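Predicted model, so just to flag it, every value in this text is computed and none were measured. In what follows, chains carry the letters A, B, and so on, assigned in the order in which the sequence lines appear, proteins first and then strands, with residues in each chain numbered from 1.
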Number of protein chains: 2
Amino acid sequence: MEVISNHNNGSTTKIILKNGSIRNGNVNGNSHSHEKIENKLVECTNSIKPGWFSEFSALWPGEAFSLKIEKLLFQGKSDYQDVMLFESATYGKVLTLDGAIQHTENGGFPYTEVIVHLPLGSIPSPKKVLIIGGGIGFTLFEVSRYPTIETIDIVEIDDVVVDVSRKYFPYLAAGFDDPRVTLIIGDGAAFVKAAQPGYYDAIIVDSSDPIGPAKDLFERPFFEAVAKALRPGGVVCTQAESIWLHMHLIKQIIANCRQVFKGSVNYAWTTVPTYPTGVIGYMLCSTEGPEVNFKNPVNSIDKDTSHVKSKGPLKFYNSDIHKAAFILPSFARDLVEF
Amino acid sequence: MEVISNHNNGSTTKIILKNGSIRNGNVNGNSHSHEKIENKLVECTNSIKPGWFSEFSALWPGEAFSLKIEKLLFQGKSDYQDVMLFESATYGKVLTLDGAIQHTENGGFPYTEVIVHLPLGSIPSPKKVLIIGGGIGFTLFEVSRYPTIETIDIVEIDDVVVDVSRKYFPYLAAGFDDPRVTLIIGDGAAFVKAAQPGYYDAIIVDSSDPIGPAKDLFERPFFEAVAKALRPGGVVCTQAESIWLHMHLIKQIIANCRQVFKGSVNYAWTTVPTYPTGVIGYMLCSTEGPEVNFKNPVNSIDKDTSHVKSKGPLKFYNSDIHKAAFILPSFARDLVEF
């Protein structure tokens, strides 16, 4: 796959496909992707009761969150995963991948605001940003609030996620139309490995869980490639699971990051009402170079409100939420500070 | 109902019944209460699938949390509500009232540690404490960590909750056996109304939701009685629902509290993995008198560890969690600071 990270000055997104070819224009429900996937409504064999979606997973055995479906809008199988999108009774539209909730319109914003503004709020004047995953477009939407940013590369493995999201979350699609953006449809781990060393100020890993296509994004070779692709004093923020469910996995991730990132290594968390156990964690790491103190934001987006006119106000994140994200309950603090 | 708030020096709990009579001794599965309730296993008509408990409620329409039941331990109907207790697959024992989860062994401790240590950590040397509700015994267990406390009155409306909890959570029952404790089986709102004015240093309202027997505990006459029963500069902490579900109700509660409490009025929250939306809120108020700054604990229980030997360490609460509990996401902050 050819890696192009210059930004596109046109008004539509530059999209680099897996075969290296480039296409311009908006991806939507009529693109090639919809033809190649099986788009037929299938029975939710595991649902709580007829008309409800239930989230069962080996990652959270013995518990399940369920949402009432008002209308099923899309259901299909991409090359990588099952993709479903429905209008829920109380949380707006909901996107699930392999049966796990990725985004809900009325409950998903804490996850995205925090995964973006913790790292970008911690360095002065970010210019070059890479997003791994995040095909829904919400991460991109939040990243594009920063006026200092010149280049945003986003690498999503599954073009069906992009296509479906752009069709059903059109207000987020505005992020894809930002002329600073290049969308690469491909493998995030391979993209980072091939990236120009020291190129990015910040890398945001907006991945799904470590079962399925995101598996590589939780392992050490990936973190090593991320560290290489960052400038000295550059920052990475990765989705890092729930302290209630995956403390063992989190400890492994932290141990790996401590080996790889020679600046600082921190664990943060926030609340998300529609994720299992109601919380999600993040790894915040920096490379050797100018010191990054993640716990005290130097570039908090709530201080510069120039983005609010076009993007609307932040709903969840503020400078105090930023600092509080690093405060852990005793049981987790004891396990994280090993 | 006779109100007796002197503490009992005996080794068993003093229990004041609704008819005003007093009995001594441990309440357990063989007490009178179990005979009078219908204790038969009934079909969970609303469960997610056979062998699972599902939490449907008009208070959180369109969503439901479910837990796999390993073993149903108790199911019955008290004078006030449906009471169920089961061993879950992953969260230990679970107590539900009217189909709503009140406590899970492995996920319920944030709620209890925070509802107790926010108010008691905010005043120096608390001596007289009243708990409304909290028949499970966990709130009492946490209150009894403070060596300065001389008197703990606990008023629970439903003796079945006490009986079932003492049988199945025996490690919490130790709180009831503390000689400083008087357990009153009766109506919390009436008890507070009849209490000696200015008597208590702190009142903790560990109630269920405002549908059912706890309804009065969310209304202004109750708050007025609480303010009267507190000493000048005394503190109250009440369960105050979820910012994701009940912002309208929370605004009403705050408005009522601002009318009634002339010291300070604050809203705090914390995460609880087994409560709807994964969070729960608290109202923290103080009466006119010595100033109480809830946001900066003066008596944090993690500084004095004398209680750890008999009670075990705190799992969730620490001084930093205390301060972070008052930091709200932007959408809630804007609504709370009206």
Side-chain angles (χ1 to χ4, degrees), chain A residues 46-49 52-56 60-70 88-91 104 106-107 109-110 113-114 242-245 269-280 302 313-334, chain B residues 46-49 52-56 60-70 88-91 104 106-107 109-110 113-114 242-245 269-280 302 313-334:
Chain A
N46 241 344
S47 80
I48 188 173
K49 54 183 190 177
W52 286 65
F53 163 80
S54 293
E55 192 184 36
F56 292 92
W60 45 89
E63 67 187 285
F65 180 63
S66 300
L67 287 170
K68 187 169 190 288
I69 299 173
E70 285 295 308
S88 68
T90 46
Y91 283 95
T104 64
N106 300 341
F109 54 88
E113 290 190 14
V114 173
S242 162
I243 57 169
W244 294 106
L245 294 166
W269 67 322
T270 200
T271 61
V272 183
T274 46
Y275 278 175
T277 73
V279 302
I280 193 77
D302 59 353
L314 289 158
K315 289 188 238 173
F316 190 86
Y317 176 91
N318 55 55
S319 300
D320 292 327
I321 284 283
H322 183 125
K323 293 172 199 160
F326 295 91
I327 295 172
L328 295 175
S330 301
F331 81 92
R333 187 186 58 189
D334 296 346
Chain B
N46 240 346
S47 80
I48 187 173
K49 54 183 191 176
W52 286 65
F53 163 81
S54 293
E55 193 184 36
F56 292 92
W60 45 90
E63 66 187 285
F65 180 62
S66 300
L67 287 170
K68 187 169 190 286
I69 299 173
E70 285 295 308
S88 68
T90 46
Y91 283 95
T104 64
N106 300 341
F109 55 89
E113 290 189 15
V114 173
S242 162
I243 57 169
W244 294 106
L245 294 166
W269 67 322
T270 199
T271 61
V272 183
T274 47
Y275 278 175
T277 72
V279 303
I280 193 79
D302 59 353
L314 290 158
K315 289 188 239 174
F316 191 86
Y317 176 91
N318 55 56
S319 301
D320 292 327
I321 284 284
H322 183 124
K323 293 172 200 161
F326 295 91
I327 295 172
L328 295 175
S330 301
F331 81 92
R333 187 187 58 189
D334 296 345

Worksheet item: Quick one: of Phe316(B), Tyr91(B), Tyr275(B), Phe331(B), who has the most non-hydrogen atom pairs under 4.5 Å with chain A?
Response: Phe316(B)
Worksheet entry | Residue part contacting chain A, namely of Asn106(B), when any heavy atom lies under 4.5 Å | backbone
Practice prompt. List the atom of Gly62(A), the atom of Ala89(B), and the distance in Å for their closest heavy-atom pair.
Written response: CA-CB, 4.2 Å
Practice prompt. Using atom types as modelled and distance alone, determine if a side-chain donor or acceptor of Asp302(B) lies under 3.5 Å from a backbone N or O of Asn318(B).
Written response: no
Discussion item. Is any side-chain heavy atom of Trp60(B) closer than 4.5 Å to one of Thr277(B)?
Written reply: no
Worksheet item: Which one of Ser330(B), Ala324(B), Gly107(B), Ser88(B) has the most heavy-atom pairs closer than 4.5 Å to chain A?
Response: Ser330(B)
Discussion item. Does any part of the side chain of Leu245(B), heavy atoms only, come nearer than 4.5 Å to the side chain of Glu63(B), both counted from C-beta?
Written reply: yes
Item to complete: Answer with side chain, backbone, both or neither: which region of Thr90(B) has an atom nearer than 4.5 Å to a non-hydrogen atom of chain A?
Response: side chain
Worksheet item: Between Leu314(B) and chain A, which part of the residue has a heavy atom less than 4.5 Å away: side chain, backbone, both or neither?
Response: backbone
Worksheet item: Is there a side-chain contact between Thr270(B) and Glu113(B), using heavy atoms and a 4.5 Å cut-off?
Response: no
Worksheet item: Where does Pro276(B) contact chain A at under 4.5 Å (heavy atoms): side chain, backbone, both or neither?
Response: neither
Worksheet item: Are any of the side-chain heavy atoms of Phe109(A) and Pro329(B) separated by less than 4.5 Å?
Response: no
Worksheet entry | Residue part contacting chain A, namely of Trp269(B), when any heavy atom lies under 4.5 Å | side chain
Worksheet item: Looking at side-chain heavy atoms only, is the closest gap between Ser54(A) and Trp52(B) below 4.5 Å?
Response: no
Worksheet item: Between Leu328(B), Thr274(B), Val279(B), which residue shows the highest count of heavy-atom pairs closer than 4.5 Å to chain A?
Response: Leu328(B)
Discussion item. What part of Tyr317(B) gets within 4.5 angstrom of chain A, counting heavy atoms only: side chain, backbone, both, or neither?
Written reply: backbone
